[in-house]
Colleague: 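Let me give you the structure first, and then I'll get to my questions.
To find a chain, count down the sequence lines: A is the first, B the second, and so on, and within it residues start at 1.
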There are 2 protein chains.
Amino acid sequence: MRVAELSERLAITPDTVRFYTRIGFLRPRKNPDNGYKEYGAEDLQRLKFILSARGLGFSVDDVGQILREADQGKSPCHATRTLMATRLRESEQRFREMLALRNKMQAALTSWETVPDCPPSGHTICHLIEAFSEQEWSAEPGLDSSTEMDAMKDETEAMNKVTSKR
Amino acid sequence: MRVAELSERLAITPDTVRFYTRIGFLRPRKNPDNGYKEYGAEDLQRLKFILSARGLGFSVDDVGQILREADQGKSPCHATRTLMATRLRESEQRFREMLALRNKMQAALTSWETVPDCPPSGHTICHLIEAFSEQEWSAEPGLDSSTEMDAMKDETEAMNKVTSKR
DNA sequence: GTTGACCTGTGTCTAGGACACAGGTGTAGG
DNA sequence: CCTACACCTGTGTCCTAGACACAGGTCAAC
């Protein structure tokens, strides 16, 4: 099996196969006739595993750690659990940040609907951006009316529906 | 003003200032005595603007586009609106993907609680990962019981609260 | 033998800075 | 005047997870 066949079987690009080969996750033998890399059944299994792990949110480094332990005959399960817990925490952190950013972006776009365009002057570059950011600074957090939170909630529900549909 | 003072004033690292200088967003004059870069009031304003825009979700490239238009005396407002709309769409797309991934990660971690560790065998590398992924393949989407959606909803509400608090 | 389609490995590129590092600056002390 | 040393500077490289470009090799058809 060469890169093309292996990548087709798993519906990924040849570049992904080359990448995992380059970093040592796959160990094809080198065909001495033409220098091409020949992948075997074990590589197929490993690649399937790599894709599963990546799909679960593990980083490439995580996968490498798990693979190394497994290659040494040790059970990688403990590492798997620990790493997943860490990745989940990170994911929730980023999730929160994204939620906040998204709300800010929506607020900006909405507030800009009632503001006209204006050319850059000596003390502003883009009035839209500068005005919104200043307003943000002055708006004290803590006044968070439930209105905004309800809006976030509703939107997130709507997103969940969209997500489920796809 | 040199990098250190400028970065302290805006509570960022000197590396960030150097980065924006390197890509041409800031134009300090070069002190001929020691070769150090000297930043002026305009650089301070530009950097404030850059940070505001970045905080609103614009990419560095976006900021460059806006800055270029403003430098030419044109109003960047149209570009600002258009780019923001695009970034918001992308953000919502990533948001959905993150939500789905997070749910998957939580489901995996939960399901692993009832499964023991096991060493790698000839046909498995890490049983936890492989079993969960196979199970995923077999679980038809469409059966999405409202239970899962309610769970997502509740968690997201909880997150909104946490986000608001910070 | 040759054309041409496809395939291969290697090197480089992405975003947004973070980090390493060799060398310069400036000041306190001798 | 000289040195020691802390701090500062610019430049080059590194990070993710692959994507892309490209020169050259392979292989079947003619």
Side-chain angles (χ1 to χ4, degrees), chain A residues 1-39 43 46-47 49-67 83 86-87 90-91 94 97-98 101, chain B residues 1-39 43 46-47 49-67 83 86-87 90-91 94 97-98 101:
Chain A
M1 231 181 340
R2 295 178 302 197
V3 287
E5 186 183 345
L6 184 54
S7 63
E8 269 171 45
R9 279 216 211 181
L10 297 180
I12 57 180
T13 72
D15 279 324
T16 301
V17 175
R18 290 198 187 100
F19 173 65
Y20 288 127
T21 306
R22 186 139 39 170
I23 64 177
F25 286 10
L26 305 178
R27 280 89 54 106
R29 70 179 192 84
K30 201 161 190 172
N31 185 331
D33 292 345
N34 50 21
Y36 289 3
K37 297 173 168 98
E38 291 283 349
Y39 296 88
D43 291 313
R46 284 172 80 90
L47 186 47
F49 173 78
I50 293 165
L51 296 175
S52 296
R54 295 279 303 125
L56 269 172
F58 289 102
S59 72
V60 170
D61 241 29
D62 295 342
V63 178
Q65 206 170 318
I66 294 169
L67 281 177
L83 288 170
T86 303
R87 297 297 161 250
E90 292 171 356
S91 177
R94 267 176 300 140
E97 290 165 4
M98 281 206 58
L101 177 59
Chain B
M1 232 181 336
R2 294 178 303 197
V3 286
E5 187 183 344
L6 184 53
S7 63
E8 270 172 46
R9 278 216 211 181
L10 297 180
I12 57 179
T13 73
D15 279 325
T16 301
V17 176
R18 290 198 188 99
F19 172 66
Y20 289 126
T21 305
R22 187 142 33 171
I23 64 177
F25 285 11
L26 304 177
R27 281 89 53 105
R29 71 179 192 84
K30 200 160 191 172
N31 184 332
D33 291 345
N34 50 20
Y36 289 3
K37 297 173 169 98
E38 291 283 348
Y39 297 87
D43 291 312
R46 283 173 81 90
L47 186 48
F49 173 78
I50 294 166
L51 296 175
S52 295
R54 295 281 301 126
L56 269 173
F58 288 101
S59 72
V60 170
D61 244 28
D62 294 344
V63 178
Q65 206 171 319
I66 293 169
L67 280 177
L83 287 169
T86 303
R87 296 299 160 247
E90 291 170 356
S91 175
R94 268 176 299 141
E97 289 165 4
M98 281 207 58
L101 177 59

Colleague: Tell me whether B:Glu38 contacts the main-chain N or O of B:Lys30 through its side chain, where contact means a donor paired with an acceptor under 3.5 Å.
Modeller: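 No; judged by distance alone, with no hydrogens or angles, the pair does not exist.
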Colleague: Measuring to OP1 and OP2 of D:dT9, would you say a side-chain N or O of B:Lys30 lies under 4.0 angstrom away?
Modeller: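 It does not, given that no N or O in the side chain of B:Lys30 lies less than 4.0 Å from OP1 or OP2 of D:dT9.
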Colleague: Taking the side chain as every heavy atom from C-beta outward, state whether B:Arg87 and B:Leu83 have any pair of such atoms under 4.5 Å apart.
Modeller: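 B:Arg87 reaches B:Leu83 side chain to side chain.
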Colleague: How many whole angstroms separate atom CG of B:Leu10 from atom P of C:dG17?
Modeller: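 For the pair B:Leu10 CG and C:dG17 P, the rounded distance is 13 Å.
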Colleague: Taking only the side-chain nitrogens and oxygens of A:Thr13, find out if one of them lies under 4.0 Å from OP1 or OP2 of D:dA19.
Modeller: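 For A:Thr13, the contact criterion (side-chain N or O under 4.0 Å from OP1 or OP2 of D:dA19) is met.
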Colleague: Restricting to non-hydrogen atoms, name the atom on A:Ser59 and the atom on A:Arg54 that form the minimum distance, rounded to 0.1 Å.
Modeller: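 Smallest interatomic distance, heavy atoms only, reads CA-NH1, 3.6 Å.
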Colleague: The test is side chain to side chain contact (heavy atoms under 4.5 Å, CB included); show your working for A:Ile66 and A:Phe49 and say whether it passes.
Modeller: CA-CA 10 Å; A:Ile66 294 169; A:Phe49 173 78; 3.7 Å; yes
Colleague: For a side chain to side chain contact (heavy atoms under 4.5 Å, CB included) check, start with the C-alpha distance between B:Ser7 and B:Ile12, then their side-chain angles and the critical distance, and finish with the verdict.
Modeller: CA-CA 5 Å; B:Ser7 63; B:Ile12 57 179; 4.1 Å; yes
Colleague: Report the distance from atom CZ of A:Arg29 to atom C1' of C:dT8, rounded to the nearest whole Å.
Modeller: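 That distance rounds to 16 Å.
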Colleague: Is there a side-chain contact between A:Tyr36 and the phosphate of C:dG9, meaning an N or O under 4.0 Å from OP1 or OP2?
Modeller: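 The answer is no; no side-chain N or O of A:Tyr36 sits under 4.0 Å from OP1 or OP2.
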Colleague: Take atom CG of A:Leu47 and atom P of D:dG18, then tell me their distance rounded to the nearest Å.
Modeller: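 After rounding, the gap between these two atoms is 10 Å.
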Colleague: Side chain of B:Phe19, heavy atoms from C-beta onward: which of D:dG18, D:dG10, C:dG16 has the nearest atom to it?
Modeller: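 That would be C:dG16.
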Colleague: Between CD of A:Glu5 and CG of A:Leu10, what distance do you get to the nearest 0.5 Å?
Modeller: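 Spacing of CD (A:Glu5) from CG (A:Leu10) equals 10.5 Å.
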Colleague: What is the distance from CE of B:Met1 to P of D:dC8, rounded to the nearest Å?
Modeller: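 Distance, rounded to whole Å: 16 Å.
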Colleague: Roughly how many Å is it from CG in A:Asn34 to P in D:dA28, rounded to a whole number?
Modeller: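 Atom CG in A:Asn34 sits about 12 Å away from atom P in D:dA28.
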Colleague: Looking only at heavy atoms, which two atoms of B:Val17 and B:Thr21 are closest? And how far apart?
Modeller: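 Here B:Val17 and B:Thr21 meet closest at O-OG1, 2.7 Å.
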Colleague: Using whole Å, what does the distance between atom P of nucleotide D:dT16 and atom CD1 of A:Ile23 come to?
Modeller: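 Spelled out: CD1 on A:Ile23 to P on D:dT16 is 9 Å.
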Colleague: Using a 3.5 Å distance criterion without hydrogens, assess whether the side chain of B:Arg2 forms a donor-acceptor pair with backbone atoms of B:Leu6.
Modeller: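 A pair under 3.5 Å: no.
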Colleague: Could you check how far OH of A:Tyr20 sits from C1' of C:dT10, rounded to whole Å?
Modeller: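 Atom-to-atom, A:Tyr20 to C:dT10, this comes out as 19 Å.
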Colleague: State whether A:Arg2 places a side-chain N or O below 4.0 Å from either non-bridging phosphate oxygen (OP1 or OP2) of C:dC7.
Modeller: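 So the side chain of A:Arg2 is outside the cut-off, no N or O lying under 4.0 Å from OP1 or OP2 of C:dC7.
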Colleague: Atom CD1 in A:Ile23, atom CD1 in A:Ile50: separation rounded to 0.5 Å?
Modeller: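 Output value for this atom pair is 7.0 Å.
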Colleague: Is there a donor-acceptor pair closer than 3.5 Å between any side-chain N or O of B:Arg46 and the backbone N or O of B:Phe25?
Modeller: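 Confirmed, B:Arg46 side chain pairs with B:Phe25 backbone.
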Colleague: Collect all protein-nucleotide pairs involving nucleotides 11-13 of chain C in which both atoms are nitrogen or oxygen and the distance is under 3.5 Å.
Modeller:
{"unit_1": "C:dG11", "atom_1": "N7", "unit_2": "A:Arg22", "atom_2": "NH1", "d": "2.9"}
{"unit_1": "C:dG11", "atom_1": "O6", "unit_2": "A:Arg22", "atom_2": "NH2", "d": "3.2"}

Colleague: Need to verify one output field. Residue with the more 5' nearest nucleotide on DNA chain C, B:Arg18 or A:Glu38?
Modeller: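 Nearest-nucleotide comparison on DNA chain C picks A:Glu38.
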Colleague: Without decimals, in angstroms, what is the distance between B:Asn31 CG and D:dC8 P?
Modeller: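 To the nearest whole Å, that distance equals 17 Å.
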Colleague: Please tell me which of the listed nucleotides, C:dT10, D:dT11, C:dT8, lies nearest to the side chain of A:Val3?
Modeller: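 Within the option list, the nearest is C:dT8.
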Colleague: In residues 51-60 of chain B, which residues come under 4.0 Å of DNA chain C by heavy atom?
Modeller: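 Contacts with DNA chain C under 4.0 Å: B:Arg54, B:Ser59, B:Val60.
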Colleague: Can you tell which of D:dT9, C:dC7, D:dG18 lies closest to the side chain of A:Thr16?
Modeller: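 The nucleotide sitting nearest to the side chain is D:dG18.
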